[in-house]
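Have a look at the structure below before the remarks.
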Amino acid sequence: MSNSFDTIVVGLGAMGSATLYQLAQRGIKALGIDLLAPPHTLGSSHGDTRITRQAIGEGDHYTPLSLRSYEIFREMERLTETSLLEVTGGLMISSLSEPVSVVHVPQFFQNTVAAAQKFGIKHDILNAKEIRLRFPQFNVDDDEMGYFEYDAAYLRPEEIIRVQLKLAGELGATIHTNETVIGFEENAKGVEVYTNQGTYTAEHLVLSVGPWLTELLPQLQPVFKVYRQVLYWFDIADSFEQFAPPKFPLFIWQLKGAEAGVYGLPALDGPHGGFKIGSSNYLTEPVTPDSVERSVSAEETVEMFNSKVVRCFPLANKQCLKSAVCLYTVTPDSAFVIDWLPDSQRIVLCSSCSGHGFKHAAAIGESIAEMTTKGHSRLDLSAFKLGRLAE
Ligand SMILES: Cc1cc2nc3c(=O)[nH]c(=O)nc-3n(C[C@H](O)[C@H](O)[C@H](O)COP(=O)(O)OP(=O)(O)OC[C@H]3O[C@@H](n4cnc5c(N)ncnc54)[C@H](O)[C@@H]3O)c2cc1C
């Protein structure tokens, strides 16, 4: 079998599997390589669900990526008769009278409202009284405000990766799992990719290795830091209907006075599956996929319940039914890097996207396929250049 390809994609998580699917759709001879067998639970793309929304508070330049991703996720659902994106509505809560901890960026709430207005995204602005009437499960303070987005939805990350790889394979992509890329070299003719099992050549190389990025590119260690995140599923069996769709939306809540807010999703797996809640962590020491503590201690679970869950959702029980450790790979400005490697027109770097990338992954995959086939993407990726982080 020939070891020569048009494009090689290294890392087949959210970003790489989306890219491989888009390349295969374009008839590109593509090889995808992953050191494990995605979907798996050691990177950034597991934990049953991801939030997607359309008015993007991280910056309105993300909204076209999100809107296009909705279309591609829907197209994959039609092609495979699977459920990948379920609309529940989404509630963002923030205090406008007191500074609050930010999600990834200052003015997240205000940016969200502005993006909704700019792109005509259906939403309501709610005061505390209106939140309590519509969503009594949320224990808001009088000075907190809500933004409710009607089409906010949850995604099934593991299923999306499975579907993207299945479609890519059916369209002719070659997929090598349990094979590790250990290096690569660009020369006048193309790129050579070295793995623990062989050498491959290609016109283009896409690096979408998530939190393993600085293992392949150690020179980027000052730019990309990996932080341990914990997801919890707390018991709500006593009040299941209050925590299940259609009564309970997904949420992002910037908590006053706390070092970090909370986000979460409704109970999706029956009365005994719990509801999911997390709190983004950027404060502990950075980790690596090898060094990170993968188990969740009883102490941190109790701390999460006492400091956040009971305060926000008094109906929830303290019993934690399940937890998971996942990894954010974060840039100093919490934005993405989707760019050619410096001085290269052959190697594209796609970062793991600072804890908010899954919702955009389908359109990022399409954009990278366009970059490597046409030299540029239809959607504007100029905000995601590596050079902005040069310092
Ligand atoms: C707790 C948590 C909650 C999140 N919530 C949301 C959310 O609600 N909404 C949202 O939009 N985003 C969210 N995100 C962010 C989103 O999940 C990530 O941006 C996205 O999953 C990153 O995907 P990735 O493909 O870059 O990384 P990964 O999925 O980790 O994929 C990287 C792949 O590269 C492979 N690999 C690594 N090194 C090599 C090598 N040398 N050779 C071959 N293969 C290699 C790995 O095995 C892995 O499969 C969340 C992230 C976390 C951790």
Side-chain angles (χ1 to χ4, degrees), residues 8-20 31-53 56 58 62 65-66 69 73 85 90 103-104 152-155 157-158 160-161 164-165 175-184 193-197 205-217 224 226-232 250-252 263-265 276-281 288-290 292 323-331 334 336-338 349-365 368:
I8 297 175
V9 180
V10 183
L12 300 176
M15 305 301 163
S17 61
T19 304
L20 197 68
L31 166 66
I33 307 176
D34 199 288
L35 69 85
L36 297 162
H40 58 74
T41 58
L42 298 180
S44 299
S45 301
H46 58 282
D48 302 350
T49 46
R50 288 291 184 269
I51 292 172
T52 183
R53 45 198 156 86
I56 303 295
E58 287 86 352
Y62 289 94
L65 283 173
S66 171
S69 292
F73 290 135
L85 183 155
V103 181
H104 319 280
Y154 68 86
L155 300 165
E158 291 90 346
I160 287 172
I161 291 173
Q164 285 172 163
L165 292 176
I175 297 174
H176 289 189
T177 53
N178 301 305
E179 180 166 347
T180 307
V181 170
I182 49 181
F184 55 87
V193 176
Y194 312 112
T195 78
N196 59 347
Q197 295 176 34
L205 172 63
V206 178
L207 296 173
S208 46
V209 290
W212 287 263
L213 178 62
T214 58
E215 287 183 19
L216 279 180
L217 295 167
F224 296 97
V226 179
Y227 292 95
R228 176 178 181 269
Q229 308 295 326
V230 184
L231 296 165
Y232 302 88
L250 59 86
F251 61 91
I252 298 176
Y263 61 87
L265 294 111
K276 178 175 162 183
I277 185 165
S279 178
S280 294
N281 160 45
T288 68
D290 287 337
V292 65
S323 57
V325 169
C326 197
L327 300 169
Y328 280 2
T329 307
V330 179
T331 57
S334 286
F336 303 172
V337 174
I338 307 166
L349 173 61
C350 175
S351 74
S352 194
C353 295
S354 293
H356 55 114
F358 204 99
K359 68 180 76 56
H360 306 296
I364 289 174
I368 293 174

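Note that ligands are numbered from 1 as they come in the structure, with each ligand's atoms numbered from 1 the same way. In this chain, residues are counted from 1 in sequence order.
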message = How far is atom 42 (N) of ligand 1 from the closest protein heavy atom, and which atom is that?
response = Val181 N, 3.0 Å
note = Taking only non-hydrogen atoms of Leu327 and a 4.0 Å limit, the atoms of ligand 1 in range are 53 (C)
request  = Please answer whether the main-chain N or O of Asp48 pairs with a side-chain N or O of Lys276 as donor and acceptor at a distance below 3.5 Å.
outcome  = no
request  = Answer whether the closest heavy-atom distance between the side chains of Ile364 and Phe336 falls below 4.5 Å.
outcome  = yes
message = Quick check on contacts: which atoms of ligand 1 are under 4.0 angstrom from a heavy atom of Gly355?
response = 6 (C), 12 (N), 13 (C), 14 (N), 15 (C), 50 (C)
remark   = atom 34 (O) of ligand 1 has as its nearest protein heavy atom Gly11 CA, 3.2 Å
inquiry  = Tell me if a side-chain donor or acceptor on Ser208 pairs with a main-chain N or O of Leu349 at a distance below 3.5 Å.
reply    = no
Atom pair CD1 (Ile368) and CG (Leu20), whose distance is rounded to the nearest 0.5 Å = 11.5 Å
ask   = What about Gly43: any of its N or O atoms under 3.5 Å from an N or O on ligand 1?
value = no
task = Evaluate the side-chain proximity of Cys350 to Thr19: yes if any heavy-atom separation is below 4.5 Å, no if none is.
result = no
message = Polar contacts were defined as any N/O atom of the residue lying under 3.5 Å from an N/O atom of the ligand; does this apply to Ser44 and ligand 1?
response = yes
query = Which residue, Ser354, Ser280, Ser44, forms the side-chain hydrogen bond (donor to acceptor under 3.5 Å, both in side chains) with Tyr328?
reply = Ser280
task = For Gly210, counting its heavy atoms only, list the atoms of ligand 1 lying under 4.0 Å from any of them.
result = 26 (O), 27 (O), 32 (C)
query = Among protein heavy atoms, which sits nearest to atom 31 (O) of ligand 1, and what does the distance come to when rounded to 0.1 Å?
reply = Gly13 CA, 3.4 Å
key: Atom indices of ligand 1 within 4.0 angstrom of Lys359 heavy atoms, with elements   = 9 (N), 10 (C), 11 (O)
ask   = Judged by atom type as modelled, is there a donor-acceptor pair below 3.5 Å linking the side chain of Ser351 to the main-chain atoms of Val337?
value = yes
query = Taking the side chain as C-beta and beyond, is there a heavy-atom pair between Thr52 and Ser69 under 4.5 Å?
reply = no
task = Report yes if some heavy atom in the side chain of Met15 is under 4.5 Å from a heavy atom in the side chain of Cys353; otherwise report no.
result = yes
ask   = Do any heavy atoms of Pro211 fall under 4.0 Å from ligand 1?
value = yes
Protein contact to atom 5 (N) of ligand 1 [nearest heavy atom, distance to 0.1 Å] = Arg50 CD, 3.3 Å
request  = Measure the shortest side-chain to side-chain distance between Arg53 and Lys359 over non-hydrogen atoms and say whether it is less than 4.5 angstrom.
outcome  = yes
inquiry  = List ligand 1 atoms under 4.0 Å from Val10, heavy atoms only on the residue side.
reply    = 42 (N), 43 (C)
key: ligand 1 N/O within reach of Leu35 N/O, cut-off under 3.5 Å   = yes
query = Taking the side chain from Glu179 and the backbone from Asn196, do they hold a donor-acceptor pair closer than 3.5 Å?
reply = no
request  = Between Ser352, Cys350, Ser280, Cys326, flag the one that comes closest to atom 26 (O) of ligand 1 by a heavy atom.
outcome  = Ser352
query = What about Leu216: any of its N or O atoms under 3.5 Å from an N or O on ligand 1?
reply = no
request  = Name the option, out of Ser279, Ser45, Pro289, that contains the heavy atom nearest to atom 20 (C) of ligand 1.
outcome  = Ser45
task = Would you mind checking which non-hydrogen protein atom is closest to atom 12 (N) of ligand 1, with the distance to 0.1 Å?
result = Phe358 N, 3.2 Å
request  = Only heavy atoms count here, so choose which of Thr180, Asp34, Val209 is nearest to atom 35 (C) of ligand 1.
outcome  = Asp34
inquiry  = Which of the numbered atoms in ligand 1 are under 4.0 angstrom from any heavy atom belonging to Tyr263?
reply    = 1 (C), 3 (C)
query = Could a heavy atom of Glu179 be found less than 4.0 Å from some atom of ligand 1?
reply = yes
request  = Examine ligand 1 and decide if any of its atoms is less than 4.0 Å from a heavy atom belonging to His40.
outcome  = yes
inquiry  = Quick check: do His40 and Asp34 have side-chain heavy atoms less than 4.5 Å from each other?
reply    = yes
request  = Could you tell me whether some N/O pair between Tyr328 and ligand 1 is separated by less than 3.5 angstrom?
outcome  = no
task = Without swapping roles, check the side chain of Glu158 against the backbone of Gly47 for a donor-acceptor pair under 3.5 Å.
result = yes
Ile51-ligand 1 polar pair, N/O distance under 3.5 Å = yes
inquiry  = Quick one: does any side-chain atom of Thr195 pair with a main-chain N or O of Gln197 as donor and acceptor, under 3.5 Å?
reply    = yes
ask   = Is the closest N or O pair between Met15 and ligand 1 shorter than 3.5 Å?
value = yes
